[in-house]
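Below you'll find the structure, written out as C-alpha cells, and then a few comments.
Counting from 1, the numbers follow the sequence of the chain as shown. Source: prediction; values computed, not measured.
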Amino acid sequence: MIKIKLNRYKLNSHGRFGAFSLYDDDKLIYKCNSLEKLIVGTKAGCDMAIPVGVYECDLHYSPSKKNGSKKYPNNLLIRVSNINVGKERYILIHIGNTLGDTSGCILLGVVDKDYTGVYNSTKTTQEFYDNLYDLCKKYDYELKQGQVVATLEITSELEDELVCI
C-alpha cells in the first residue's frame, strides 16, 4: 500500500512548512519538505491549506500544473480529498516555491534557511512523482485520471490548526 505522510512543523508569514514522506507500506521511499497556505479550511474556492486528517489520493490530469517527471511526463498529479474536502477543491501536489504558487495546494521542495519558501521544487517534485509512479507500477495501478493510488495522512506539531469553514 502506498502511503504519503505530511507533518506540519513550522508556521510563519511565508507559509506552513512540513516534512513530506512517501512510503511503500512502512518502508520510507522518499522524503522532502512541503509548503502550504497560512489559513486552514475546507471551503472550496478560498485558497486555504487543508485540515489535519486522512485523505484519498487519486490521479488528476492538469493542463496547467506540471509533475516535472521526465520518466512519466503525463501531467497526472495527486489530487487529495476526503469527506470534508471534496475533489472539486482540486488540492494537488505540484511544483512551486512560494505562497503565491500554492493556490491552496501542496508544494514540494527543500526549505530555505530563513523559511521564506522552498527551492529545488521542480527537481524535488519530479523525484517524488518518479518514485510514486514506480510504486504504482509495482502495484499494477493504471496511470490514468481518477485512479486512486495512495492515502495521505496530515498531522501537525503546530498549536494553531484552526479551521475556517
Side-chain angles (χ1 to χ4, degrees), residues 4-22 30-69 72-112 114-130 132-133 143-156 158 160-165:
I4 303 168
K5 296 183 181 182
L6 190 166
N7 181 46
R8 296 173 177 150
Y9 62 84
K10 182 156 184 79
L11 173 68
N12 65 21
S13 63
H14 300 285
R16 291 179 179 276
F17 296 88
F20 187 92
S21 306
L22 174 65
Y30 187 75
K31 65 181 181 174
C32 61
N33 297 107
S34 63
L35 174 64
E36 300 172 90
K37 286 289 190 180
L38 295 168
I39 297 172
V40 174
T42 59
K43 189 174 179 187
C46 290
D47 202 17
M48 297 180 275
I50 57 176
V52 166
V54 177
Y55 294 84
E56 177 181 272
C57 299
D58 72 337
L59 297 176
H60 177 75
Y61 175 78
S62 173
S64 62
K65 306 293 183 197
K66 308 285 186 226
N67 65 21
S69 177
Y72 304 99
N74 54 23
N75 274 14
L76 284 172
L77 303 174
I78 290 288
R79 174 176 58 180
V80 301
S81 63
N82 68 12
I83 194 153
N84 297 314
V85 177
K87 291 181 180 186
E88 70 278 0
R89 283 234 11 225
Y90 295 100
I91 302 299
L92 306 174
I93 299 172
H94 64 81
I95 295 167
N97 298 297
T98 65
L99 276 182
D101 299 327
T102 66
S103 302
C105 297
I106 301 168
L107 306 180
L108 302 182
V110 179
V111 173
D112 66 28
D114 296 322
Y115 287 93
T116 59
V118 292
Y119 64 95
N120 283 345
S121 184
T122 299
K123 180 177 186 265
T124 303
T125 305
Q126 172 192 338
E127 290 171 351
F128 164 73
Y129 277 107
D130 285 349
L132 173 71
Y133 293 150
L143 298 182
K144 66 175 187 172
Q145 174 86 8
Q147 174 71 52
V148 175
V149 296
T151 59
L152 167 65
E153 179 183 10
I154 299 177
T155 58
S156 181
L158 306 174
D160 73 322
E161 286 290 333
L162 299 175
V163 176
C164 298
I165 298 175

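Within the 4.5 Å cutoff, no side-chain heavy atoms of Met48 are placed close to those of Val40. Side-chain contact between Asp112 and Val118 is absent, with no heavy-atom pair separated by less than 4.5 Å. In this structure the side chain of Val149 reaches within 4.5 angstrom of the side chain of Leu59, judged on heavy atoms. Val52 is listed as a side-chain neighbour of Arg8, based on a closest heavy-atom distance under 4.5 Å. Taking the side chain as every heavy atom from C-beta outward, Arg79 and Glu56 never approach each other to under 4.5 Å. A 4.5 Å side-chain heavy-atom check between Leu6 and Glu36 finds at least one atom pair inside the cut-off.
Residues that satisfy the side-chain hydrogen bond (donor to acceptor under 3.5 Å, both in side chains) test with Lys5, not counting sequence neighbours, are absent from this structure.
Closest of all the heavy-atom pairs between Leu35 and Gly15 is CD1-CA, 3.9 Å. Across all non-hydrogen atoms, the minimal contact from Leu76 to Tyr61 is CD2-N, 3.7 Å. The two residues Gly41 and Pro51 have their closest heavy-atom pair at O-CD, 3.6 Å.
Among residues at least two apart or in separate chains, ring-ring contact (aromatic ring centres under 6.0 Å, His included) pairs with a member in residues 82-108 are His60-Tyr90.
Side chain of Asn120 to backbone of Lys123: no donor-acceptor contact under 3.5 angstrom is found. Side chain of Thr125 to backbone of Thr122: no donor-acceptor contact under 3.5 angstrom is found. Judged by distance alone, the side chain of Ser81 and the main-chain N or O of Gly86 form no donor-acceptor pair under 3.5 Å.
A side-chain donor from one of Asn33 and Tyr9 sits under 3.5 Å from a side-chain acceptor of the other.
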Worked verdict on Val54 versus Asn82 for side chain to side chain contact (heavy atoms under 4.5 Å, CB included): CA-CA 7 Å; Val54 177; Asn82 68 12; over 6 Å; no
message: Set out, in order, the CA-CA distance, both residues' side-chain angles and the distance that settles side-chain hydrogen bond (donor to acceptor under 3.5 Å, both in side chains) for Thr155 and Asn7, then state yes or no.
response: CA-CA 5 Å; Thr155 58; Asn7 181 46; 2.9 Å; yes
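Taking the ring axis of Tyr115 as reference, the NZ or CZ atom of Lys10 stays within 45° of it and closer than 6.0 Å to the ring centre.
How far CD1 of Ile78 is from SG of Cys57: 5.0 Å, rounded to the nearest 0.5 Å. In this structure, CD1 on Ile4 lies 11.5 Å from OG on Ser34, to the nearest 0.5 angstrom. Put simply, OG on Ser156 and CG on Leu11 are 8.5 Å apart, with the number rounded to the nearest 0.5 Å. Rounding to the nearest 0.5 Å places CG of Asp130 at 11.5 Å from CG of Leu22. With values rounded to the nearest 0.5 angstrom, Asp101 atom CG is found 8.0 Å from Ser121 atom OG.
Across Leu132, Leu77, Leu108, a single residue satisfies side-chain contact (heavy atoms from CB on, under 4.5 Å) together with Ile93, and that is Leu108.
Between Phe128 and Phe20, the distance from one ring center to the other falls under 6.0 angstrom.
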